Undergrad: 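First the structure, then my questions, so here it is.
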Amino acid sequence: MNKKTLDHLLIALTVLFDLCFVATAIVIAYWVRFESGWTPEALALHKGATPPLDDYFRLIPLMAIIWLMTLKAFSLYRPESNASLSAFWTLCKATGIALIATLAGLFFIYHHDAYSRWVMLLASGFSLVWLFLGRLVLHRFRQAIHAQGVGMSRLALIGCDARAEQFIEALKVKPNSGYKLVGIITETAAADASEIPHLGESQDILELVQKHQLDTLFISSPAVPNETILQILHACEGDPVQINLLPELSEFIKGGTAITFFDGIPVLQLRETPMQGVHGIVKRLIDIVFSLFALLVLSPLMLTIAITIRLTSPGKAIFRQERVGRAGKPFNIYKFRSMRADAEKKVGHIWAKTDDPRQTPLGKFLRRWSLDELPQFFNVLKGDMSLVGPRPEMSGLIDTFSESIPHYLARQRVKSGMTGWAQVNGFRGNTSLEERISYDRYYIENWSLALDIKIILKTLWAIKKG
């Protein structure tokens, strides 16, 4: 049994388990709601008033279809999906969507019948727990099978370079990944330095594939010329060996990378412009509505803060500073002044410290509760910023950071934000810029309206905790 066969078998078992779990969840939820005596309503119900179980049996096909389609839409039937916390979070989101779809189906399909929403809610909860436990069991089973050498894909690397070494290290970290590295195929035996067997040269690729019973080849494209890759493809055309490519520019190729066709010519899309189209319009509408609402509701507080700043320290209440936003466009950011009016005269553009001596007593309070950021709702309303996005940097620091930190300018592909993914994960203020850029890039490459809402909620929670 090879890796692909084992993957298909485990996916089939996952689907079968899911169907059984969903059907069982309905029955158990019915029993808890109406017959267990665990709820006041169940104790009050007489046997004649209890709805027949047969009515709920009729729901099983509907729920099964909805759940399978939802789980597939959330990529929970892929071989690489496992029982990690991220998978559980994805399963939670799929459960919520499946519950809403089921209630909608009850309304449109069985609108003449009254079904208990509590039964649907309990069934969804039971399904969530059992589906996760089922995936956990199958994940452990897969690991045990791989540990016995069953379902392993015999793998060879073609070409030896830094990318190939990185791939080898990744295989060592995940010994139960389903791949067994047999050796490296290069034009010379220099691969022996990496303690991986040297199988031979690429010109004998078909003979090597058959001799070592290889299931998968990984070609490191920078180390292997295009002519050699074509020769390998032609030589193995009649053999079922799977051929994969470790591409150049891999640091720019992420999950959103897609292959499109232009008049029959394959085109690899390394990057697309984020937050465009309908979703971009919706994001902008949310910015406008939310910032208008915030300015109306918070205007008494903002007026009080402005007056207090003027009374407690000399200088203007609103602090303006040039920042750089989308596409490198400069704009003036608005903040309540939290430092002395001459704070930048001697030191220039530098980040503020946690206990910066330049802070005023009121400014320290404002910064702790992020109240100094409130005027930025005007920036959002103007379109200079968004509610969510990478924090805008001071213009005087851009050149320095772009030269010293890889991919720093990637954060300028979208509008700057009042809050961002980096900030809600602890990288706010004078923290590691490299880590912050990593989180900003993750946000840009995985952006969705749901992620924006999650960041806003986490920001509000962080402000609540001070």
Side-chain angles (χ1 to χ4, degrees), residues 287 291 305-306 309 313-360 362-444 455 459 462-463:
D287 286 343
S291 57
I305 293 173
I309 292 174
S313 64
K316 297 180 179 179
I318 299 296
F319 172 71
R320 294 175 176 84
Q321 186 182 64
E322 186 177 273
R323 299 287 179 100
V324 177
R326 186 174 185 267
K329 181 181 178 182
F331 69 95
N332 286 322
I333 194 172
Y334 305 129
K335 301 179 71 173
F336 282 125
R337 182 171 56 81
S338 60
M339 296 189 179
R340 300 190 309 267
D342 60 349
E344 291 188 337
K345 281 188 177 180
K346 296 181 180 180
V347 296
H349 294 314
I350 61 171
W351 284 347
K353 301 176 182 178
T354 304
D355 294 316
D356 200 303
R358 299 174 297 162
Q359 292 181 110
T360 63
L362 176 61
K364 187 174 183 180
F365 172 81
L366 295 177
R367 292 174 69 87
R368 177 182 177 183
W369 297 97
S370 297
L371 296 176
D372 62 319
E373 312 280 357
L374 293 181
Q376 289 170 36
F377 282 117
F378 287 107
N379 288 116
V380 175
L381 192 60
K382 288 173 58 181
D384 295 330
M385 296 173 60
S386 177
L387 291 172
V388 181
R391 288 293 293 163
E393 192 56 81
M394 292 179 281
S395 57
L397 301 177
I398 294 293
D399 291 340
T400 302
F401 291 155
S402 62
E403 291 175 2
S404 59
I405 301 174
H407 313 299
Y408 177 82
L409 294 179
R411 62 205 307 275
Q412 295 182 7
R413 292 169 55 200
V414 299
K415 282 185 181 180
S416 304
M418 291 184 65
T419 184
W421 185 237
Q423 283 66 42
V424 298
N425 282 282
F427 296 97
R428 180 177 183 269
N430 196 5
T431 53
S432 170
L433 190 54
E434 290 79 3
E435 292 286 348
R436 195 186 306 179
I437 299 305
S438 175
Y439 277 91
D440 286 340
R441 290 188 68 201
Y442 174 88
Y443 169 76
I444 295 170
I455 292 172
T459 301
I463 292 173

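In this text, all values refer to a predicted model and were calculated from it rather than measured experimentally. One-based numbering along the sequence shown.
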Undergrad: Provide the closest heavy-atom pair for Phe331 versus Val324 in the form atom of the first, atom of the second, distance.
TA: CE2-C, 4.0 Å
Undergrad: Does the side chain of Ser313 reach to within under 4.5 Å of the side chain of Arg337, using non-hydrogen atoms?
TA: yes
Undergrad: Measuring from atom CZ of Arg413 to atom CZ of Arg441, what distance do you get when rounded to the nearest 0.5 angstrom?
TA: 8.5 Å
Undergrad: Measure the shortest side-chain to side-chain distance between Phe336 and Leu371 over non-hydrogen atoms and say whether it is less than 4.5 angstrom.
TA: no
Undergrad: Taking atom OG of Ser404 and atom CG of Asp399, what is their separation to the nearest 0.5 Å?
TA: 10.5 Å
Undergrad: Before you tell me yes or no, could you show the steps for Leu409 and Ile398 under side chain to side chain contact (heavy atoms under 4.5 Å, CB included), namely the whole-Å CA-CA distance, both residues' side-chain angles and the distance that decides it to 0.1 Å?
TA: CA-CA 8 Å; Leu409 294 179; Ile398 294 293; 4.1 Å; yes
Undergrad: What's the shortest heavy-atom distance between Asn379 and Asn332, and which atoms?
TA: ND2-O, 2.9 Å
Undergrad: Mind checking the OH-CG spacing from Tyr442 to Asn425? Nearest 0.5 Å is all I need.
TA: 9.5 Å
Undergrad: Check step by step if side chain to side chain contact (heavy atoms under 4.5 Å, CB included) holds for Arg326 and Gln412.
TA: CA-CA 5 Å; Arg326 186 174 185 267; Gln412 295 182 7; over 6 Å; no
Undergrad: Walk me through it: do Lys335 and Gln321 pass the test side chain to side chain contact (heavy atoms under 4.5 Å, CB included)?
TA: CA-CA 8 Å; Lys335 301 179 71 173; Gln321 186 182 64; over 6 Å; no
Undergrad: Which pair of non-hydrogen atoms, one from Pro392 and one from Ser416, has the smallest distance, and what is that distance?
TA: CB-OG, 3.4 Å
Undergrad: Please give me the minimum heavy-atom distance between Arg436 and Phe427, naming the atom from each residue.
TA: NE-O, 3.7 Å
Undergrad: Which atom pair, heavy atoms only, marks the closest approach of Ser338 to Asp372?
TA: OG-OD2, 4.5 Å
Undergrad: Side chain to side chain contact (heavy atoms under 4.5 Å, CB included), that's the test. Do Phe378 and Asp384 meet it? Break it down for me.
TA: CA-CA 9 Å; Phe378 287 107; Asp384 295 330; over 6 Å; no
Undergrad: Within the 4.5 Å heavy-atom criterion, are Arg323 and Met385 side-chain neighbours or not?
TA: no
Undergrad: If only atom types and distance count, is the side chain of Arg358 paired as donor or acceptor with the main-chain N or O of Met339 below 3.5 Å?
TA: no
Undergrad: Return the OH to CD1 distance between Tyr439 and Ile444, rounded to the nearest 0.5 Å.
TA: 15.0 Å
Undergrad: Below 6.0 angstrom between ring centroids: does that apply to Tyr408 and Phe401?
TA: yes
Undergrad: Quick one: CD1 on Ile309 to OG1 on Thr360, what's the gap to the nearest 0.5 Å?
TA: 7.0 Å
Undergrad: Between Lys415 and Pro390, which heavy-atom pair has the shortest distance, and what is it?
TA: O-CD, 3.7 Å
Undergrad: Within the structure provided, determine whether Leu374 and Tyr334 are in side-chain contact (heavy-atom separation under 4.5 Å).
TA: no
Undergrad: What distance do Phe319 atom CZ and Ile333 atom CD1 have between them, rounded to the nearest 0.5 Å?
TA: 9.5 Å
Undergrad: Using the test side-chain hydrogen bond (donor to acceptor under 3.5 Å, both in side chains), find all partners of Arg391 that sit at least two apart in sequence or belong to another chain.
TA: Glu373, Gln376
